[in-house]
Amino acid sequence: MRLDIISIFPEYFAPLDVSLIGKARERGTLDVRVHQLRDWAYDVHRTVDDTPYGGGPGMVMKPEVWGEAIDAVIGASAIPSGARSGGYAQGPGEDEGRGEGEARATPQPSATGSVGPQPVVPGADAQTTVEPGTVEPGTVEPATVASRTPALPRMIVPTPSGRPFSQELAQELAQEPWLLFACGRYEGIDSRVMEEYSGRLRVDEVSIGDYVLAGGEVAVLVMVEAVGRLLPGVLGNAQSVVDDSFAPGSMENLVEGPVYTKPPVWRGHEVPAVLLSGHHGNVARWRRDEALRRTVRNRPELAAALDPAKLDKHDRKLLDELSFRVRRKDVAN
Ligand code: SAH
């Protein structure tokens, strides 16, 4: 999967070097490219914001700079790779008088090391990347992630006013070969940017929760981590995704119950005996009971959305004990 992220703070994405996501990048499962939005602002201060029409406090991100940035990021892959001179993704750097574009982004601290073109060669040594400029025009390139990506990405714009991010949406995004994240700051991005690209790309405005952050960077980190861990081979045990809270299937609208490891007694607290019993059926039943209990306690609105057709007799008895009413009239048999 290819991910492009445009932001005025590329250094925010340093954590994408770490842990599961960092490993996925090393392996080439994830090809992350972080772009400095200001590379497409051409005034001396590299301004990306302006005062809002209609008045009021705060600033709004300018459409022109976003348009230039997005065009460059999505346009780069449309250029046949053999015809490209500076690597796979091109900023406006090739264009005289327009600033340095991604070329300028390359030496950015970006502890992620991902600023600028960074094609990963699957199957090659994990650390191997093709440095910009090392592929001569006209030469045959190794099969790259870039050359396998489709013509256009799906664009995600984090905003508190967007549709809620969820495990379901994470699963949907994990199917996409290419995502482009546009990180807003200030009061957000001029709305015409989303309007403009909706005509060319699938654009989703997405919120990670009912609170307001200072910028889209943290929201994008959240989404990238949630999506990235669903990609094949990223988690050591693919089964764990199925058992997760909210996972479509048996965990739909449920949160996971408590988990334990050794020792069996710690500071007088015992691990529930059933987990030591070795009886798989009982363990599974206990886990489901605990998931139901926790969901009712912490997330009653989720419990209310449980599909009655997917509740067995035991589930319903437990919910009754918890005095929790699932839409009774819908309950099958
Ligand atoms: N005035 C806006 C909030 C702007 S916050 C409003 O009331 O809706 C600045 C930026 O932070 C946003 O453009 C967005 O990119 C990001 N952001 C803030 N809260 C967010 C959330 N809950 N989910 C996703 N992105 C968020």
Side-chain angles (χ1 to χ4, degrees), residues 3-16 21 32-41 46-74 105 108 110 112 114-115 153-174 176 178-198 201-230 245-246 298-299 301-302:
L3 301 178
D4 283 274
I5 303 173
I6 307 176
S7 159
I8 58 169
F9 294 116
E11 58 274 33
Y12 249 101
F13 297 94
L16 297 183
I21 301 294
V32 183
R33 307 174 191 195
V34 186
H35 309 271
Q36 167 57 271
L37 176 67
R38 289 191 200 278
D39 287 337
W40 287 278
R46 301 168 88 201
T47 312
V48 296
D49 61 322
D50 208 336
T51 52
Y53 275 126
M59 300 294 271
V60 174
M61 294 189 109
K62 293 159 68 65
E64 304 95 316
V65 58
W66 271 107
E68 296 262 353
I70 297 168
D71 284 350
V73 169
I74 68 179
Q108 285 267 336
S110 160
T112 63
S114 57
V115 173
R154 180 161 169 182
M155 180 169 153
I156 309 291
V157 184
T159 165
S161 54
R163 63 191 275 213
F165 188 63
S166 62
Q167 190 64 14
E168 196 183 355
L169 182 53
Q171 299 226 345
E172 191 185 314
L173 296 181
E176 299 282 346
W178 187 8
L179 298 174
L180 165 61
F181 292 95
C183 299
R185 280 266 149 185
Y186 318 107
E187 295 305 318
I189 302 172
D190 186 304
S191 248
R192 289 168 294 179
V193 173
M194 281 61 86
E195 203 179 303
E196 160 76 10
Y197 288 98
S198 295
L201 313 174
R202 167 127 196 225
V203 178
D204 295 272
E205 293 182 277
V206 178
S207 167
I208 63 158
D210 294 345
Y211 38 78
V212 178
L213 304 165
E217 287 75 12
V218 168
V220 169
L221 282 172
V222 167
M223 289 188 265
V224 168
E225 186 156 314
V227 170
R229 71 191 282 283
L230 296 175
S245 299
F246 321 115
N298 296 341
R299 300 296 303 275
E301 85 288 3
L302 277 188

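Here the structure is a predicted model, which is why all the values come from computation and not from measurement. Whatever order the structure lists ligands and atoms in, that order sets their numbers, starting from 1. Throughout, numbering of the chain's residues begins at 1 and tracks the sequence.
Residue Glu168 places its CD atom among 12 or fewer non-hydrogen atoms of other residues, nucleotides or ligands, all under 6.0 Å distant. Within a 6.0 Å radius of CG in Asp210, other residues, nucleotides and ligands contribute 12 heavy atoms or fewer. No more than 12 heavy atoms of other residues, nucleotides or ligands shown are found within 6.0 angstrom of CD on Glu225.
Atom 18 (C) of ligand 1 has its closest protein heavy atom at Leu213 N, 3.1 Å. The nearest protein atom to atom 1 (N) of ligand 1, hydrogens excluded, is given as Glu187 OE1, 2.7 Å; this is a heavy-atom distance. Here the heavy atom of the protein found nearest to atom 15 (O) of ligand 1 is Pro158 O, 2.9 Å. The protein heavy-atom contact nearest to atom 22 (N) of ligand 1 is Tyr211 O, 2.9 Å.
At least one side-chain heavy atom of Leu230 sits less than 4.5 Å from a side-chain heavy atom of Gln167. No side-chain heavy atom of Tyr53 sits under 4.5 Å from any side-chain heavy atom of Val60.
The option from Val222, Ile156, Ile189, Ile208 that lies nearest to atom 23 (N) of ligand 1, judged by heavy atoms, is Ile208. Selection from Gly216, Pro160, Ser161 by nearest heavy atom to atom 21 (C) of ligand 1 gives Pro160.
Between Cys183 and ligand 1, no N or O atom pair is found at a separation short of 3.5 Å.
Of the heavy atoms in Thr159, only backbone atoms (N, CA, C, O) come closer than 4.0 Å to ligand 1. Only the side chain of Ala219 comes within 4.0 Å of ligand 1, counting heavy atoms alone; its backbone N, CA, C and O stay farther away.
In this structure, the separation between CG on Asp4 and CE on Met155 is 11.5 Å, given to the nearest 0.5 Å. Rounding to the nearest 0.5 angstrom, the gap separating the NZ atom in Lys62 from the CZ atom in Arg192 is 10.0 Å. A distance of 9.0 Å separates OG in Ser198 from CG in Asp204, rounded to the nearest 0.5 Å. The CG atom of Leu16 sits 8.0 Å away from the CG atom of Leu3 when rounded to the nearest 0.5 Å.
Heavy-atom separations between Tyr186 and ligand 1 include at least one value shorter than 4.0 Å. At least one heavy atom of Val206 sits closer than 4.0 Å to an atom of ligand 1. The shortest heavy-atom distance from Gly162 to ligand 1 is not under 4.0 Å.
Contact atoms of ligand 1 toward Gly209: 22 (N) (distance under 4.0 Å to a heavy atom of the residue). Each of the following atoms of ligand 1 lies closer than 4.0 Å to a heavy atom of Val212: 3 (C), 5 (S), 19 (N).
With hydrogens and angles ignored, the 3.5 Å screen pairs no side-chain donor or acceptor of Thr47 with any backbone N or O of Asp49.
Under the 4.0 angstrom criterion, atom 13 (O) of ligand 1 counts as having a protein heavy-atom contact.
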